Amino acid sequence: MTTEQLLEIVNLVLTNNQKTAKPSVTPETRLREDLGMDSFLLAELTVRIEQMTGIDVFGDGLIDTVGELLGKLEVHV
Amino acid sequence: MSETLWFLVDGDTGNRIRYSELPSLISESNVYYPYLIAENLTAFVFNFIRALVANRPIVLLDADLTGAEVAELPGGSNLGVAESLPPIELNDVDSLLEAVANSSAEITLFTSGTTGIPKSVTHTVGTFLRSVKLSPESRNNVWGLTYCITHMAGLQVFFQALMNQNTIVNLFRYGRSEIRDLLERNSVSHLSGTPTFYRLQLPVITPLNGVRQVTIGGERSSNELFEQLGALFPSARFTNIYASTEAGAILRGQGELFTIDPSAEGFVRVEQGQLLIHESALGAGVPTDEAGWYHTGDVVEVVTDEPKTIRFVRRATETINIGGYKVNPHEVEDALVSHPEIRLAKVSGKPNSVLGNLLVAEIVRVPGGEIGEQEIRSYLAERLQSFKIPRMMSFRESLSMTKASKVRRTS
């Protein structure tokens, strides 16, 4: 998955939950602190990523950043 | 000593209230609201304590209830109506605590019910005080409130802290970095929360050494979570708690196992794999069988007989546990099919690594119906609390009908 594809999913989750879409994310972007994701948004995020990739990115516990998330997906590829 | 003790630290309002100020703050108003959706924790707490010391009934409503949901509740039309109280005389903190402990106030909470309509359960302070531990060693505890105060677990923390004159630090709905900051700045020593709350505090950045007690409840938890939390809270003792809106805190345990103490055997038992609670331990309004036992719907496995320890296996009811919030799928299905473009709906829980379960909906639109996921979410947001809104929706041509799953349809 590319950063752009991930941004699309992130923004879908944000707008689904009455939050403003982000113009961009970087590997350093933090899911909770920077994107303001709470438990419900994180839960939705991992399910939407799983739909595309088959991978539950929080299956081994929560992670902090977009970079770590992309890393989870690469390891599995 | 009580001159310096903080009662409440509420970041939502910026309020910091001392125990020494509490008696006059409670006495200064001679009205209270039996049905109140409080704007913030401070407002809730003052109204609640006023009802308790004046022995008046109070109905606890979640802050995010929609107008449509309140209208469905018994007595919901009384929302926000003030009632006057006789003058409240409280000389000091001790007299306030005595009045709370001896209160005959009826405290009503709502459960998700089994039919789709929320049911009320009415308790007195005795339900909460039963599991409050009073001790001189508890005197300096500082509690982090991670729960919604209008729910059983939040009330349990409230009474535990209040009766011991401990500080309550509001952590409900805060993000992880704010929570770390609040824990450290206020020297929080005691935490009680759901597995979902604790999962959100992971992974470990640096250990939080100040926390001495970690209580976990409201959902099934796993040994893996306990291990990870051991690294986050290295100085803490861990306790698992089983509580319900119907009965309050009933069982304590370590890890996944709960012990039924000999003292609890009179009101807790396992029958055909299901946990039952006797009416002597229940609030008013809870349905029981002829012998006075409430069937919790929690399927348990007996692990050892002496002492009796059990492990929770699953729910036998249709209620879905979403991060500690109980959702009745029928209530959500009814709200879905109330939309003119939705013909059928089926709501279920999908296992989820963050929330335990994620609420999902399968939807059949009326012929020609074009409503999409975002529009449905907005429609539901006007009718249901946020945790009851399905986070994934799929659109189908038809839904399979089985005996076990009755599908809701437009009537």
Side-chain angles (χ1 to χ4, degrees), chain A residues 1 5-22 25-73 75-76, chain B residues 64 146 172-181 193-205 219 222 224-225 227-229 231-232 322-325 327 349-360 372-378 380-381 385-394:
Chain A
M1 181 177 284
Q5 286 172 313
L6 181 62
L7 177 64
E8 210 170 291
I9 298 181
V10 162
N11 279 336
L12 175 64
V13 173
L14 289 175
T15 52
N16 271 346
N17 291 279
Q18 286 83 49
K19 288 181 183 283
T20 315
K22 301 282 173 188
V25 288
T26 68
E28 288 74 40
T29 305
R30 294 169 301 174
L31 302 172
R32 280 167 272 187
E33 287 83 353
D34 300 328
L35 298 177
M37 290 198 163
D38 65 8
S39 56
F40 283 82
L41 274 75
L42 291 167
E44 183 177 338
L45 178 70
T46 187
V47 171
R48 292 196 184 275
I49 292 172
E50 193 177 359
Q51 264 189 338
M52 272 187 74
T53 63
I55 298 159
D56 175 4
V57 287
F58 302 140
D60 307 325
L62 287 191
I63 49 183
D64 288 320
T65 64
V66 164
E68 287 167 35
L69 199 155
L70 289 169
K72 283 259 173 195
L73 295 172
V75 169
H76 283 81
Chain B
D64 65 345
T146 75
F172 181 58
R173 294 255 162 92
Y174 282 87
R176 180 175 58 158
S177 51
E178 292 163 312
I179 286 175
R180 289 187 69 88
D181 188 45
T194 58
T196 293
F197 168 80
Y198 291 112
R199 275 194 288 271
L200 282 174
Q201 312 316 317
L202 294 166
V204 181
I205 300 169
E219 293 170 80
S222 65
E224 289 85 348
L225 180 65
E227 279 168 28
Q228 293 171 325
L229 291 178
L232 181 60
I322 309 287
Y325 293 94
V327 177
K350 177 178 159 59
N352 182 272
S353 51
V354 184
L355 287 170
N357 289 292
L358 188 77
L359 207 59
V360 299
E373 187 163 354
Q374 294 220 356
E375 224 178 319
I376 296 175
R377 283 198 191 218
S378 312
L380 292 180
Q385 286 180 273
S386 167
F387 67 85
K388 299 174 187 169
I389 297 177
R391 304 293 159 149
M392 297 287 287
M393 295 179 199
S394 53

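When reading the values below, keep in mind they use all heavy atoms of this one structure, side chains included, and skip hydrogens, waters and symmetry mates. None of these values were measured; they are calculated from a predicted model.
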Worksheet item: Between B/E219 and B/R199, is there a side-chain N and carboxylate O pair less than 4.0 Å apart?
Response: yes
Worksheet item: Closest approach of A/A21 and A/T15, non-hydrogen atoms and distance?
Response: CB-CG2, 4.0 Å
Fill in: Residue B/E373 versus chain A: region with a heavy atom under 4.5 Å
side chain
Discussion item. Please identify, among B/L355, B/L202, B/L359, the residue contributing the most non-hydrogen atom pairs under 4.5 Å to chain A.
Written reply: B/L355
Worksheet, complete the sentence: Honestly, the part of B/L358 sitting under 4.5 Å from a heavy atom of chain A is side chain
Fill in: chain A contact via B/F387 - which portion, at a heavy-atom distance below 4.5 Å
both
Worksheet entry | Per-residue contact mode, A/E44 against chain B (heavy atom under 4.5 angstrom) | both
Worksheet item: Step by step, would you call A/K72 with A/D60 a salt bridge (Lys or Arg N to Asp or Glu O under 4.0 Å)?
Response: CA-CA 10 Å; A/K72 283 259 173 195; A/D60 307 325; 3.2 Å; yes
Fill in: Toward chain B, the part of A/S39 with a non-hydrogen atom under 4.5 Å
both
Worksheet entry | Region of A/I63 in contact with chain B, defined by heavy-atom distances below 4.5 Å | backbone
Worksheet item: Short question: side chain of A/N17, backbone of A/V13 - any donor-acceptor pair under 3.5 Å?
Response: yes
Worksheet item: So how far is it from A/Q51 CD to A/T46 OG1, rounded to the nearest 0.5 Å?
Response: 11.0 Å
Worksheet, complete the sentence: Most contact-rich option vs chain A, by heavy-atom pairs under 4.5 angstrom, among B/N352, B/L200, B/I322, is B/L200
Worksheet item: Salt bridge between A/D38 and B/R173, side-chain N to carboxylate O under 4.0 Å?
Response: no
Item to complete: Ignoring hydrogens and angles, state whether a donor on the side chain of B/S353 or A/D56 is under 3.5 Å from an acceptor on the partner side chain.
Response: yes
Worksheet item: Where on B/E178 is there a heavy atom nearer than 4.5 Å to chain A: the side chain, the backbone, both, or neither?
Response: neither
Worksheet item: Hey, does A/L69 have a side-chain heavy atom less than 4.5 Å from the side chain of A/I49?
Response: yes
Worksheet item: chain A heavy atoms under 4.5 Å from B/Y325: which part of the residue, side chain, backbone, both or neither?
Response: side chain
Worksheet entry | B/T196, part contacting chain A, at a heavy-atom distance under 4.5 Å | side chain
Practice prompt. Measure B/R391 against the heavy atoms of chain A and call it side chain, backbone, both or neither at under 4.5 Å.
Written response: both
Item to complete: Against chain B, label A/N16 side chain, backbone, both or neither, depending on which of its atoms sit under 4.5 Å from a heavy atom there.
Response: both
Worksheet item: Is there a donor-acceptor contact under 3.5 Å from the side chain of B/Q201 to the main chain of B/F197?
Response: yes
Worksheet, complete the sentence: If you tally heavy-atom pairs under 4.5 Å between each of A/G36, A/G59, A/A43, A/G61 and chain B, the highest tally belongs to A/A43
